[in-house]
Amino acid sequence: GWVRIEGGNAGTIAAVDWPNAWIVNQDGEIWRVQDAHSVITDGTWTQVETHSGEADAKTISVGADGRAWYAQEEGTIFRRYGDAGAVFWVPDKLGKAVVIAAVDFNNAWCVNKEGDIWRLEDAYSVDEGGTWTQVPTYSGSRDAKTISVGADGSVWYVDTNGAVYFWATIGEAWRPAWDQGQMGKVDVIAVHDQADVWCLNDMGQVWRTFDTETNGYQWRQVVETAAE
């Protein structure tokens with residue numbers, strides 16, 4: 001079931017793994033929780049200063065390598081660079097995002113305020129900004145709303161109508177997810193891998209993919225709650 005983490009207040013959350021996560025709160029601050037290892041251990045919350053030093057963060061994501069990315073209110077994208085004491089945010093010179101989905105330190109996907117999907121590849125260092133490529137949506141219109149990348153590199157996005165699509169690596173094209181009618185309109189998507197995808201719909205319900213073994217993948221509502 002669900003375990004409540006005391007001390008956190010998130011507008012956007014990006015999980016690293018079970019005991020660790022990053023958030024942007026409603027005030028535009030970035031916070032990080034570490035070592036929340038069990039039901040009785042909430043972990044340690046630490047505020048992480050933004051690049052500007054102001055409370056101007058909008059959204060955040062963490063790649064499979066644990067590297068964090070965030071975007072400001074006006075869309076500028078930053079990624080976390082360095083280790084130990086020499087850690088800082090590196091701004092991207094070109095990309096703009098309302099939602100960022102990190103693959104790792106070198107690669108990311110994003111949705112901008114116009115509803116376009118963009119992909120950044122091979123941004124290997126502070127000085128090498130990599131290559132931004134626009135990826136047309138399934139409809140060809142500017143109707144992307146949010147996007148997520150799994151630990152295996154799987155990419156899924158949601159359009160402004162709440163429909164869900166995944167990136168097919170064979171043919172490199174978007175494909176509609178299966179049997180979405182029961183799930184309703186999706187607001188938020190969180191991908192663990194191609195076979196394990198979580199969604200939050202516009203009614204506040206949580207849905208997750210599962211393998212029926214006989215009929216392929218389906219969606220199932222997650223209704224577990226924490227024990228009192």
Side-chain angles (χ1 to χ4, degrees), residues 5 7-16 20-34 45-135 137 142-150 155-160 186-191 200:
I5 305 298
N9 182 18
T12 303
I13 188 161
V16 179
N20 303 285
W22 294 72
I23 71 163
V24 170
N25 66 16
Q26 300 286 358
D27 298 321
E29 299 168 339
I30 298 174
W31 287 78
R32 184 179 187 182
V33 63
Q34 295 174 284
W45 286 97
T46 306
Q47 185 174 357
V48 179
E49 190 174 43
T50 64
H51 181 265
S52 68
E54 304 293 329
D56 57 5
K58 175 66 175 179
T59 186
I60 197 161
S61 180
V62 177
D65 57 357
R67 297 288 187 170
W69 297 59
Y70 84 94
Q72 285 180 338
E73 288 280 353
E74 45 74 46
T76 300
I77 298 168
F78 301 86
R79 53 186 171 139
R80 197 72 165 159
Y81 183 81
D83 295 293
V87 183
F88 53 95
W89 296 108
V90 178
D92 186 90
K93 298 177 181 178
L94 297 176
K96 296 287 185 179
V98 292
V99 179
I100 186 85
V103 179
D104 51 34
F105 177 74
N106 309 315
N107 304 278
W109 294 68
C110 77
V111 172
N112 66 16
K113 65 179 181 179
E114 287 81 18
D116 303 318
I117 298 173
W118 286 81
R119 182 180 187 179
L120 174 63
E121 299 177 279
D122 303 330
Y124 291 111
S125 71
V126 175
D127 299 321
E128 294 182 43
T131 302
W132 282 101
T133 305
Q134 186 175 355
V135 180
T137 63
R142 309 175 87 177
D143 60 359
K145 179 180 181 180
T146 190
I147 195 164
S148 180
V149 177
V155 187
W156 294 58
Y157 88 93
V158 179
D159 69 15
T160 51
V186 171
D187 276 340
V188 179
I189 190 164
V191 182
L200 182 69

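Sequence positions, counted from 1, serve as the residue numbers for this chain.
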Any non-hydrogen side-chain atom of Phe78 less than 4.5 Å from a side-chain atom of Ser52?
no
Please report the interatomic distance CD1(Ile77) to CG(Asn112), rounded to the nearest 0.5 Å.
9.0 Å
Using modelled atom types only, decide if a donor and an acceptor are shared between the side chain of Asp92 and the backbone of Thr76 within a distance under 3.5 Å.
no
Could you pull out the closest heavy-atom pair between Ala21 and Ala15, with the gap in Å?
CB-CA, 4.0 Å
What's the separation between atom CD in Gln134 and atom CG in Asp116, rounded to the nearest 0.5 Å?
4.5 Å
When every non-hydrogen atom of Ala57 is compared with those of Thr50, the smallest separation belongs to CB-CG2, 4.3 Å
Give the minimum heavy-atom separation between Val135 and Arg119, together with the two atoms involved.
CG2-CB, 4.1 Å
Working to the nearest 0.5 Å, report the span between CG of Asp56 and CD of Glu73.
7.5 Å
Output, in order, the C-alpha distance, side-chain angles, deciding distance and verdict of side-chain contact (heavy atoms from CB on, under 4.5 Å) for Val149 and Trp156.
CA-CA 7 Å; Val149 177; Trp156 294 58; over 6 Å; no
Output for pair (Trp118 CH2, Ile100 CD1), nearest 0.5 Å, gives 13.0 Å
Quick check: are there more than 12 heavy atoms from other residues, nucleotides or ligands sitting under 6.0 Å from CZ of Phe88?
yes
Point-to-point distance, once rounded to the nearest 0.5 Å, from CG of Asn9 to CD of Glu29:
9.5 Å
Within the distance-only criterion (no hydrogens, no angle test), does the side chain of Ser148 pair as donor or acceptor with the backbone N or O of Val191 below 3.5 angstrom?
yes
Hey, mind stepping through Asn25 and Trp31 against side-chain contact (heavy atoms from CB on, under 4.5 Å) and telling me if it holds?
CA-CA 8 Å; Asn25 66 16; Trp31 287 78; 3.5 Å; yes
Ignoring hydrogens and angles, tell me if any N or O in the side chain of Arg80 forms a donor-acceptor pair with the backbone of Val90 under 3.5 Å.
no
I'd like to know whether Trp109 forms a side-chain contact (heavy atoms from CB on, under 4.5 Å) with Val103, so could you lay out the CA-CA distance, the side-chain angles of the two residues, the decisive distance to 0.1 Å, and finally the verdict.
CA-CA 7 Å; Trp109 294 68; Val103 179; 3.8 Å; yes
Does this structure show an ion pair linking Lys145 with Asp159, if we count only N-O contacts that are shorter than 4.0 Å?
no
Test side-chain hydrogen bond (donor to acceptor under 3.5 Å, both in side chains) on Glu121 and Asn107; report intermediate values, then the result.
CA-CA 5 Å; Glu121 299 177 279; Asn107 304 278; over 6 Å; no
Tell me the closest heavy-atom pair linking Ala10 and Ile13, and the distance in Å.
CB-CB, 4.5 Å
Just wondering, do Val48 and Ile30 contact through their side chains at under 4.5 Å, heavy atoms?
yes
Determine whether the aromatic ring centres of Tyr124 and Phe105 lie less than 6.0 Å apart.
no
Measure the acute angle between the ring planes of Trp89 and Tyr70, then classify it against the limits of 30° and 60° as parallel, tilted or perpendicular.
perpendicular
Kindly give the heavy-atom pair with the smallest separation between Ala102 and Arg67, and that separation in Å.
CB-O, 4.5 Å
Test side-chain contact (heavy atoms from CB on, under 4.5 Å) on Thr59 and Thr12 and set out the steps.
CA-CA 6 Å; Thr59 186; Thr12 303; 3.8 Å; yes
So does Lys96 pair up with Glu114, basic N to acidic O under 4.0 Å?
no
Minimal heavy-atom distance between Trp69 and Ile60, with the atoms involved, is O-CG1, 3.1 Å
Donor-acceptor pair, Asp104 side chain versus Asn106 backbone, under 3.5 Å?
yes
Spacing of Ile117 atom CD1 and Thr137 atom OG1 [to the nearest 0.5 Å]
6.0 Å
